Each structure stands twice: as C-alpha cells, then as structure tokens.
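Just below is one structure, and these are the notes that go with it.
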Amino acid sequence: MRVVLLGPPGAGKGTQAHRLADRFGLALISTGDIFRANLRDRTALGMEAKGYMDAGDLVPDDVVVRMVLARLSEPDAEPGFVLDGFPRTLGQAWSLEDALAEAGGPLDAVLKFTIPDDVAVHRLLGRFTCPSCQRTYNVESNPPRTAGVCDVCGGRLMHRDDDAEATVRHRIEVYHRDTEPLERLYDERGLLHPVEAVGDVDDVTERAVEAMKAGAAPA
Ligand code: AMP
C-alpha cells in the first residue's frame with residue numbers, strides 16, 4: 001500500500017504515521033525526520049535545509065523531491081510506504097505522481113487529518129519529540145509513561161525549536177497557502193479520505209486504519 005498523510009502541523013501525522021506503518025508493515029518516510037537527522041549529522045543537505053526549517057518555511061521542491069525519490073527507491077519501500085510530510089506543494093505532488101507512474105505503483109490513498117488551527121497551535125506548544133527515534137508526545141493528550149523520557153527508546157524528550165509559537169503560526173499559514181491545494185488534486189483523483197484528528201489518539205488511529213482499508217479496497 002502506498003499512502004500519503006496530509007494535514008497541518010499539529011494534526012498528529014507523525015504519531016499516526018508510526019502507528020499505521022507498524023500496523024500495515026509499511027516503510028515510514030517522514031521528510032521532517034530525514035531533514036532533522038541530516039541537521040543533527042551536519043550533512044550538506046541538513047545545512048541547506050536549516051534556514052528554511054528554523055523559519056518554518058518549506059525547503060525548495062528540487063531538494064525535497066530528490067531526497068524523497070532516493071528514499072522511495074530503497075528496498076523497504078517496495079511493498080509500500082506511509083509518507084508523512086510529503087508532498088507539501090503541487091510541484092512535489094506532480095513529481096511524486098510521475099515517479100510512481102513510472103515505477104508502476106500509484107498511490108492507494110491520501111489521508112487528510114482535519115483539526116482546527118487553534119487546537120493545532122495548542123497541541124504543538126505542548127509537544128515533545130524524541131530526538132533518537134522521532135516519536136512525539138504531548139503533555140496533555142499523549143504523555144510519556146515517565147516524564148521527559150521516550151517510552152519506546154528511552155531517549156530524553158525535547159521541545160522542537162520550530163514549535164515556538166510564532167513559528168508554529170507561520171507553519172500553519174504555509175500549510176494553508178501551499179499544501180491545502182493538494183486536497184483538491186487528490187479529491188479529483190478519488191484518493192482523499194478525511195480523518196477527524198481531534199480526540200483520543202487511539203480513536204484517531206482506528207479512523208485512519210478504516211480510511212486505509214477503504215483506500216486499499218478495489219473501487
Ligand atoms: P515537519 O516535521 O513535517 O513539520 O517538517 C519540519 C520542517 O522540515 C518543515 O517546516 C520544512 O522546513 C521542512 N520540510 C519537511 N517536509 C518538507 C517538504 N515536503 N517540503 C518542504 N519542506 C519540508
């Protein structure tokens with residue numbers, strides 16, 4: 001299965017991407033995580049992305065597309081993948097569509113996580129991320145078992161620099177401006193499945209699982 005997750009920052013895509021990839025045995029590809037790993041390792045790619053990420057702006061399409069297409073050609077992505085954070089512009093969406101058409105494996109579903117802006121802002125201000133395994137937690141809605149410690153790998157949880165309030169608000173604006181137009185594109189393709197992202201995190205997962213199954217079913 002080949003699945004894209006859409007939705008503004010704070011919609012819970014990262015959390016759900018991990019769960020869905022585990023549940024369906026798919027490769028998890030998060031562009032934000034790949035950029036953060038490159039930043040941590042001070043690679044050329046990381047240095048190129050840094051200014052954009054710090055400002056809450058999008059990294060240019062050519063850079064992101066090259067990186068994602070390389071990742072998609074790795075063997076673990078062959079049976080299928082969950083894409084978290086890509087595509088984020090129409091240009092990225094078209095590049096993905098062309099590459100998948102060439103490889104003979106088009107998308108099966110696009111899950112769009114819906115959440116009001118003010119709820120997304122509130123969530124991001126309370127979000128903590130594990131720098132080792134990239135899992136995310138929230139002080140209110142999804143706290144770790146031990147405060148400040150990742151349940152899965154024991155890493156020390158951090159607040160992301162780009163989760164500061166002004167940057168969060170800017171990232172949400174960028175989503176509305178650059179990424180929301182993709183909803184129409186995928187709706188026209190018959191791929192779009194809205195998933196209510198507010199509420200209990202397990203309930204959101206179950207709604208997303210149902211949307212994935214609907215996407216996988218023959219039309
Ligand atoms: P995320 O973890 O998905 O919120 O991504 C963090 C940051 O990485 C974004 O604010 C962008 O600067 C950059 N980024 C991640 N994915 C993309 C993408 N598909 N296109 C452009 N920039 C991206």
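The structure presented is a predicted model; accordingly, all values stated were derived computationally and were not measured. Just so you know, ligand 1 is whichever comes first in the structure, and atom 1 is the first atom listed for that ligand.
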Please walk me through it: do Asp178 and Thr89 pass side-chain hydrogen bond (donor to acceptor under 3.5 Å, both in side chains)? CA-CA 5 Å; Asp178 294 336; Thr89 65; over 6 Å; no
When you measure from atom 23 (C) of ligand 1 to every protein heavy atom, which one gives the shortest distance, and what is it? Phe35 CE1, 3.9 Å
Proximity winner for atom 5 (O) of ligand 1, if only heavy atoms of Met67, Met53, Arg88, Lys50 are counted: Arg88
Are Arg36 and ligand 1 in contact, using a heavy-atom cut-off of under 4.0 Å? yes
Atoms of ligand 1 under 4.0 Å from any heavy atom of Arg171, numbered from 1 in the order shown, are 4 (O)
Candidate pair Arg207 and Glu210, rule salt bridge (Lys or Arg N to Asp or Glu O under 4.0 Å), full reasoning: CA-CA 5 Å; Arg207 289 195 282 272; Glu210 289 312 309; over 6 Å; no
With Gln16 as reference, evaluate Val201, Asp84, Val195 under the side-chain contact (heavy atoms from CB on, under 4.5 Å) test and give the passing residue. Val201
Where ligand 1 meets Val64 - atom numbers and elements under 4.0 angstrom, heavy-atom basis: 18 (C), 19 (N), 20 (N), 21 (C)
Starting from atom 20 (N) of ligand 1, find the nearest protein heavy-atom neighbour and note its residue, name and distance. Gln92 NE2, 2.9 Å
Heavy atoms, side chains only, cut-off 4.5 Å: are Asp161 and Thr167 in contact? no
Path from Leu6 to Leu83 over hydrophobic side-chain contacts below 4.5 Å: yes
Residues Asp57 and Arg171 bridged, charged N to O under 4.0 Å: no
Could you check whether any side-chain heavy atom of Leu125 comes within less than 4.5 Å of a side-chain heavy atom of Val121, counting everything from C-beta outward? yes
Atom 19 (N) of ligand 1 [closest protein heavy-atom partner, distance rounded to 0.1 Å]: Gly85 O, 2.8 Å
Could an N or O of ligand 1 be found under 3.5 Å from any N or O of Val59, whether backbone or side chain? yes
Should the proximity of His170 to ligand 1, defined as any heavy atom under 4.0 Å, be assigned to the side chain, the backbone, both, or neither? neither
Matching residue for Leu20 among Thr15, Leu26, Leu5 - test: side-chain contact (heavy atoms from CB on, under 4.5 Å): Leu5
Of the listed options (Asp84, Leu58, Asp57, Val65), which comes nearest to atom 12 (O) of ligand 1 when hydrogens are ignored and any heavy atom counts? Asp57
Among all protein heavy atoms in this structure, tell me which lies nearest to atom 16 (N) of ligand 1, with the distance rounded to 0.1 Å. Thr31 OG1, 2.7 Å
Those atoms of ligand 1 less than 4.0 Å from some heavy atom in Arg160: 1 (P), 2 (O), 4 (O), 6 (C)
Judging by distance only, is a nitrogen or oxygen of Asp162 under 3.5 angstrom from one on ligand 1? no
Given the rule that I, L, V, M, F, W and Y join up when any side-chain heavy atoms are under 4.5 Å apart, are Phe113 and Phe86 in one cluster? no
